[in-house]
Amino acid sequence: MNQTLPIPFDAREFQQELAQLGAWIASYYARLPDLPVLSQVSPGAVRAALPAAAPETSEPFDALLADLDRIVVPALTHWQSPNFFAYFPANASAPSMQAELLSAALGVQGMLWLTSPACTELETHMLDWLAQACDLPARFLSSGRGGGVLQDSASSAVLCALLAARERATGGDGNEQGYRGGLTAYGSSQAHSSLDKAVMIAGIGRRQLRKVAVDANFALNPDDLAAQIAADRAAGHTPAFVCATVGTTSSLACDPLPAIGRICRDAGLWLHVDAAMAGSAALLPECRALFAGLALADSYCFNPHKWLLTNFDCSCLYVADRHALTAALEISPAYLRNDATSAGAVLDYRDWQIPLGRRFRALKLWFVLRRFGLVGLRALLRRHLELAAALGAWIAADERFELVAPVTLNLVCFRYRGSDAQNQRLQRLVNDSGRLFISHTVLNGQHVLRFCVGQGATGDSHVRAAWQQIAHAVNDLNI
Ligand code: PLP
C-alpha cells in the first residue's frame with residue numbers, strides 16, 4: 001500500500017492480511033487466560049505511546065499488529081477472559097466476529113428496506129427466530145401487529161419505548177406541538193440508569209420519574225406502584241410509562257410482571273420490560289417462569305450482546321404494536337420516498353430507531369444461531385447457571401461470607417461479613433492480582449461484591465480458582 005492514491009480494496013493484500021489478523025486473534029485468545037484481567041496501566045499511558053499526529057504516508061500492516069501488542073493489549077481490560085466476572089458478560093464468539101467483519105465488508109446502509117432488502121428482512125426474521133426460541137408472547141412476532149428490531153443498546157431501546165409511550169399518551173402532540181409536560185414514568189429503585197437517561201432525553205424530566213419501592217429480594221413492589229400511580233393521578237399528572245426489569249443490574253432481581261402488567265393494563269400505562277442480560281435465559285424452558293406476564297408488556301428488550309455469544313452491539317427491542325413505535329419516530333423526507341415504502345409492503349427500520357442510518361447487525365445473529373444452534377446456546381447458559389449456583393453454595397457454606405441476594409441466574413452478590421472498607425479492600429486485592437475481575441454495587445446501603453458468570457470460555461476451574469483467590473485474600477485484610 002505504497003502508492004499515493006490508495007486502493008480501498010486490494011484482494012490479494014486483503015487476504016494475506018486477513019490471515020495475519022486471524023493468526024493474531026488466535027494468539028490473543030490463547031494468551032487470554034494468563035493476561036491480567038483488569039488493565040494495569042495508568043491514565044494517559046496509551047496516549048503517551050501514540051505519535052502526536054497522523055502518519056503522512058502508508059504504514060505496513062505488520063507495524064499495526066506490533067502496536068496492538070505494544071500499546072493496546074496492555075491497556076485492555078480483557079472482557080473475553082474466562083476470569084472476567086465483573087459487571088455483565090459482553091460475549092464475543094468466532095461466528096459473531098466473522099459476521100461483524102462481513103457487515104463491515106458489505107458496508108450496507110440499511111435505513112430503508114430498499115437500501116438493502118437483505119438487511120431488513122434478515123433482521124425481521126432473526127428477531128422472529130429469537131422470539132420463538134425464547135417462547136416470547138406471539139404479540140411480539142412480525143406476523144401480527146408487533147415485531148422486533150435491533151438497536152445498538154438497551155438504553156436506546158428504553159428511550160424508543162418511552163418516546164412511543166409519550167406520543168401514545170399525548171395523542172401525537174408531543175412531536176407536533178412540543179411536549180408540554182405532565183406525564184409520569186415509573187421504575188423500581190433498582191431499575192437501570194438508562195431509564196433515568198431516557199426520561200431526561202424524552203423531556204419527561206427526572207422529577208417525573210418515580211422510584212418504586214422494592215421487596216426484600218430487590219424486586220419491584222406492585223402495591224407501591226399502584227399507590228404512586230393513583231397519587232399522581234389525583235395530583236393531576238398523567239401516568240404513562242412503567243419500566244419493569246427481569247434481572248436488575250445490581251442483583252438480578254426479577255420484578256413481578258403479572259401484577260405489574262395488570263396494573264398497567266387497567267390504568268392504561270405503557271409497560272416496557274428490560275431484561276438486558278437475563279433475557280437470554282428465556283432460551284431455557286426451566287427459566288421461563290421469570291418471564292411469565294410478558295404478554296402484558298407493550299415492549300420488551302434483551303441484549304444478545306451480553307450473554308448470547310454475539311458481540312456488542314446487538315440489542316433486541318420487541319413491540320406489541322409496531323405502529324405505536326413508528327408513529328413516534330417516523331419521518332418521510334422526499335429524498336427517501338420510494339415505491340416499496342409507499343405501498344406499505346415493507347418495514348423501514350429507520351422508523352424504529354433514533355438514527356437514520358443502520359448497519360447490518362442481523363448477520364451476527366444469523367451466524368451465531370446457525371453455527372451454535374439453540375442446543376449449543378442452551379448448553380452454555382446452563383453451564384453458567386451451574387457455575388453460579390456452585391459458587392453461591394461455596395459462599396453460603398463459608399461463615400466469613402454472606403450472600404446478599406438470591407442466586408437467581410448467573411449473578412452472585414455477596415460480601416465479607418465485615419465493614420464496607422474491608423469489602424472494598426478485598427475487591428481491590430483480588431482485582432489487583434490480575435487473576436480475576438469482579439465489580440461491586442450497593443445494596444441495603446452496603447458495599448456488595450458482584451460475581452457474574454457468563455463468558456464463553458469460563459469453566460469450573462476458573463470459578464473455583466477465583467473463589468480460592470477471594471477466600472485467600474481475606475487473610476490479607478489485616479483484620
Ligand atoms: N438494563 C439493564 C438491566 C442492564 O443491566 C444494562 C447494562 O448493564 C442496561 C440496561 C444497559 O445496557 P446497554 O449498554 O445495552 O444500554
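Counting starts at 1 for both ligands and their atoms, following the listed order.
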Show me the donor-acceptor pairs, under 3.5 Å and distance only, between side chains in residues 239-252 and residues at least two apart or in other chains.
residue, atom, partner, partner atom, Å
Thr248, OG1, Leu252, N, 3.3
Thr248, OG1, Ala253, N, 2.9
Ser250, OG, Thr441, OG1, 2.6

Task: Salt-bridge present (Arg361, Glu123; N to O < 4.0 Å) - done: no
Task: Result of checking Phe312, Trp307, Trp79, Phe302 against Phe88 for ring-ring contact (aromatic ring centres under 6.0 Å, His included) - done: Trp79
Open item on the list: Tell me which pairs pass ring-ring contact (aromatic ring centres under 6.0 Å, His included) where either residue lies in residues 421-454, with sequence neighbours left out.
Closed with: Phe84-Phe437, Phe85-Phe451, Tyr87-Phe437, His440-His447
TODO: Answer yes when Asp196 and Lys211 have at least one side-chain N-carboxylate O distance shorter than 4.0 Å, and no when they do not.
DONE: yes
Open item on the list: Checking Phe367 now: which residues fulfil ring-ring contact (aromatic ring centres under 6.0 Å, His included) with it, not counting sequence neighbours?
Closed with: none
Task: Close-range residues for ligand 1, whose non-hydrogen atoms fall below the 4.0 Å threshold - done: Phe88, Ser153, Ala154, Ser155, His192, Ser194, Gly247, Thr249, Asp274, Ala276, Asn303, His305, Lys306
